[in-house]
Amino acid sequence: MAAPVKSHPVEGPASAVQNLTIGKALNQGLRAAMEADDKVIVMGEDVGKLGGVFRITDGLQKDFGEQRVLDTPLAESGIIGTAVGLAVRGFRPVCEIQFEGFIFPGFDQISSQLAKLHYRTQGKVKVPVVIRVPYGGGIGAVEHHSESPESLFAHIAGLKVVSCSNPVDAYWMIQQAIASDDPILFFEPKRLYHSGALKAPVDPSATPDPLFASRVVRQGGTDAAATVVAYGPSVKVCLDAAAAAAEEGRSLEVIDLRALSPLDLGPVFESVRRTGRLITVSEAQSESSITSEIAARVQQECFYSLEAPVLRVAGFDTPYPPAKLEEHFLPDLDRVLHAVDRALDW
Amino acid sequence: MFDPYVADIDAEALRGLYRDMVLVRRGDRESNAMQRQGQLGIWVPLLGQEAAQIGSGRALRPQDMAFPSYREHGVAYTRGVDFRELLGIFRCTDHSGWDFKAHGFHPYTIVIGNQVLNATGYAMGQKFEGKVGDDDGEATIVYFGDGATSQGDVHEGFVWAAVYDAPVVFFCQNNQWAISEPTERQSRLPLYQRARGYGFPGIRVDGNDVLACLAVTRWALDECRHGNGPVLIEAFTYRMDAHTTTDDPTRYRLSDELEVWKHKDPIERVRAHLARTGGADTAFFEAVQAEADSFAAELRDFCFNMPDPPPERVFANVYAEPSPQLDAQREEYLAYLSGFAEAGEH
Ligand SMILES: Cc1ncc(C[n+]2csc(CCOP(=O)(O)OP(=O)(O)O)c2C)c(N)n1
Ligand SMILES: [Mg+2]
């Protein structure tokens, strides 16, 4: 194996503001984390020479060497199980799962070891592993390439789960996740990876928001009609819906959860107390999900403010359908606005 | 040792194998082209693996069962699955179309390695039902790749099959690559040698030699039929095209390698042999060519005219038994859709 080569920034000084897609921002964020700490290693299928099937790790093996960017054998339990061991040894592994549908061979290692080691050892063993998971639909793919399994992981105590929705968050959240001493499932909205429309200036000298904080991404103002909560790929759908609603004179407040476990619902409660209405939006099936959790807590905290039940726009409680049908399965602008109408007419 | 297994293959039978390979290659190339034209979401090429698939597939008897991965279009063809029936998966109109019982051909499996355990269980069932033990016994064959051999499921399949003497042929097509990772990233040892550790025979066959593949697979199936399974076959071959239509192999492998393998082209080999030995004349080759042309034209025509599935399909067949919850979701969604129809598409 080649000795690790000292890295060098490929695109100008590290401090320069760059206009990046989510995919490129993740790449830059990974690079920054690897430069900051030589215990950070990247591992997964095809992440080296190929740079990953989505090119998120593009160039990293070339610059950091084969001992820091590992093209692993084809086995997810192996990837995650060995990452746990490497973390016990003092490394900070960042695992890539090629598509969310392929995380399940590693589910046992995630649930039994990764999530529980710290607890079982009464805090003596830390497992700072990040598992990057491209997720979500809308890419016209075959089975197992478009799912949204995040709730399964949010349900596991000992794990943290986050999802980014834009390039600035992608750049910072991946670095914050890597720096965290807890195991984190990092869900990435794959259909937006290379979206030019979402490109945004990323300033490496800026101070990022905390990792586990939700954020109001569109203010509804004092006359906001409803609160809409989303995360990952659905944030864009909701922002588009809010823009359409605004044209009809209706103001929606949109909140990007960012952290899925633990949830940061303070801003949601605050908003719902003003609007009296909450719509959650996720591609994930709604049954026993993160949005179930939100609905339960909001009715508990905002009971007297609610003018309508919490309504959930979500993937149906079916397996992900063949992609020719995915437009039906995936929440879109119309379904979000339909739910807003229902909440207002309640 | 294997010659008797192809003693019946006279010039006519060899011409048949040649024709099979030409047709599936043509179907493969046509499908690849249709993907480029936007008619298919993705295509998984079998180019270069025709001999491994036709040779092994033609070794099967009607009572046998085959479990494919996702590249086994040639095996599908030998099981009487019309090439057109494969297109739904790649056009994303369905997840699997054919009647697996009628054809003795299981649905494609995309999650790497899963089907190896499923096939093993099926074979255990053949044994439990007393269908093993003589010339007319049943057997199962399961297809997977070199990369798949790293998965826990494949290891467990080997263990189970050994413990239960399951009549299953593990047919590994070592096409040298698992997307961007060469076989050395999966194993130190030639893959067929792994069988020894599990206590059953493993054999490597020239996967580009259709007769060799036919002979070895017939032998292995016979072993299983008679209760001497399992057997591992490593068909040493080459993926001559990209992993899928979304892959760019120039990022990870040299074209020299392809040039070397082109000299071992499985179809050219048989063609040369037939021509040299007088097993076929020009008229035959021209007739096969013409047949391939119309085969391709029919495939095209079929593909271009495939209807999209109706929205209610999203909700169909999630469960074998009734689900009032899903029925309600379906009705609500269909009512929502008809709302648009009444309002006139907006
Ligand atoms: C569990 C799982 N992990 C990852 C993938 C993504 N993936 C699809 S094909 C492939 C490589 C498979 O290589 P190999 O087993 O050699 O079969 P080949 O494609 O070469 O026929 C990978 C990693 C998957 N489908 N399933
Ligand atoms: Mg392979």
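Proteins come first, then strands; the chains are lettered A, B, ... in the order of their sequence lines, and each starts at number 1. Small disclaimer: the values here were computed from a predicted structure and weren't measured.
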With chain A, which of [options] has the greatest number of heavy-atom pairs at distances under 4.5 Å?
| options | result |
| --- | --- |
| B:Gly41, B:Pro310, B:Pro309 | B:Pro309 |
| B:Ser323, B:Cys92, B:Gly88 | B:Cys92 |
| B:Gly152, B:Ala178, B:Ser180 | B:Ser180 |

Taking C-beta and beyond as the side chain, do [X] and [Y] meet within less than 4.5 Å on heavy atoms?
| X | Y | answer |
| --- | --- | --- |
| A:Leu74 | B:Gln186 | yes |
| B:Gln151 | A:Glu76 | yes |
| A:Gln98 | B:Ile179 | yes |
| B:Ile110 | A:His145 | yes |
| A:His144 | B:Thr109 | no |

| Closest heavy-atom pair and its distance - A:Val142, B:Ile89 |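 Answer, listing the atom of A:Val142 first, then B:Ile89: CG1-O, 3.4 Å.
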| request: Please name the pair of heavy atoms, one in A:Arg55 and one in B:Asp248, separated by the smallest distance, quoted to 0.1 Å. | output: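 What the structure gives for the nearest pair is NH2-CB, 4.1 Å.
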| field | For B:Ala76, all residues meeting side-chain contact (heavy atoms from CB on, under 4.5 Å), sequence neighbours excluded | value |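 Here the qualifying residues are B:Val81, B:Leu86, B:Phe105, B:Tyr108.
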Does [X] have more than 12 heavy atoms from other residues, nucleotides or ligands lying within 6.0 Å of its [atom1]?
| X | atom1 | result |
| --- | --- | --- |
| B:Asn317 | CG | no |
| B:Trp160 | CH2 | no |
| A:His155 | NE2 | no |
| B:Phe304 | CZ | yes |
| A:Lys116 | NZ | yes |

| query | Salt-bridged, A:Asp46 to B:Arg251, with N to O below 4.0 Å? | reply |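 Judged by the 4.0 Å cut-off on N to carboxylate O distance, A:Asp46 and B:Arg251 do not form a salt bridge.
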| said: Check A:Arg342 with B:Glu332, please: is the shortest side-chain N to carboxylate O separation under 4.0 Å? | reply: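 Salt bridge between B:Glu332 and A:Arg342, a charged N being under 4.0 Å from a carboxylate O: yes.
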Go through the atoms of [X] and report whether side chain, backbone, both or neither lie under 4.5 Å from a heavy atom of chain A.
| X | value |
| --- | --- |
| B:Ile42 | side chain |
| B:Ala316 | neither |
| B:Tyr70 | neither |

| request: Could you tell me which residues satisfy side chain to side chain donor-acceptor pair (under 3.5 Å) with B:Asp327, sequence neighbours excluded, listed by chain and number? | output: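 Once residues adjacent in sequence are excluded, the partners of B:Asp327 under the side chain to side chain donor-acceptor pair (under 3.5 Å) criterion are B:Arg330.
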| Sequence-distant partners of A:Asp332, side chain to side chain donor-acceptor pair (under 3.5 Å), two or more places apart |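 In terms of side chain to side chain donor-acceptor pair (under 3.5 Å), with neighbours along the sequence ignored, A:Asp332 is linked to no residue.
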Exam field: side chain [X] to backbone [Y], donor-acceptor pair closer than 3.5 Å:
| X | Y | answer |
| --- | --- | --- |
| B:Gln329 | A:Asp317 | yes |
| B:Tyr252 | A:Gly48 | no |
| B:Arg185 | A:Asp71 | yes |

| said: Taking 4.5 Å as the heavy-atom cut-off, does anything in residues 102-113 of chain A contact chain B, and if so which residues? | reply: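 The list, in residue order, reads A:Phe102, A:Pro105.
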| task | Could you tell me whether the side chains of A:His328 and B:Tyr333 share a donor-acceptor contact shorter than 3.5 Å? | result |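 Note: A:His328 and B:Tyr333 side chains meet the donor-acceptor criterion.
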| request: Quick one: pull up NZ in A:Lys324 and CZ in B:Arg313 and give me the separation to the nearest 0.5 Å. | output: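 The CZ atom of B:Arg313 is 13.5 Å from NZ of A:Lys324, to the nearest 0.5 Å.
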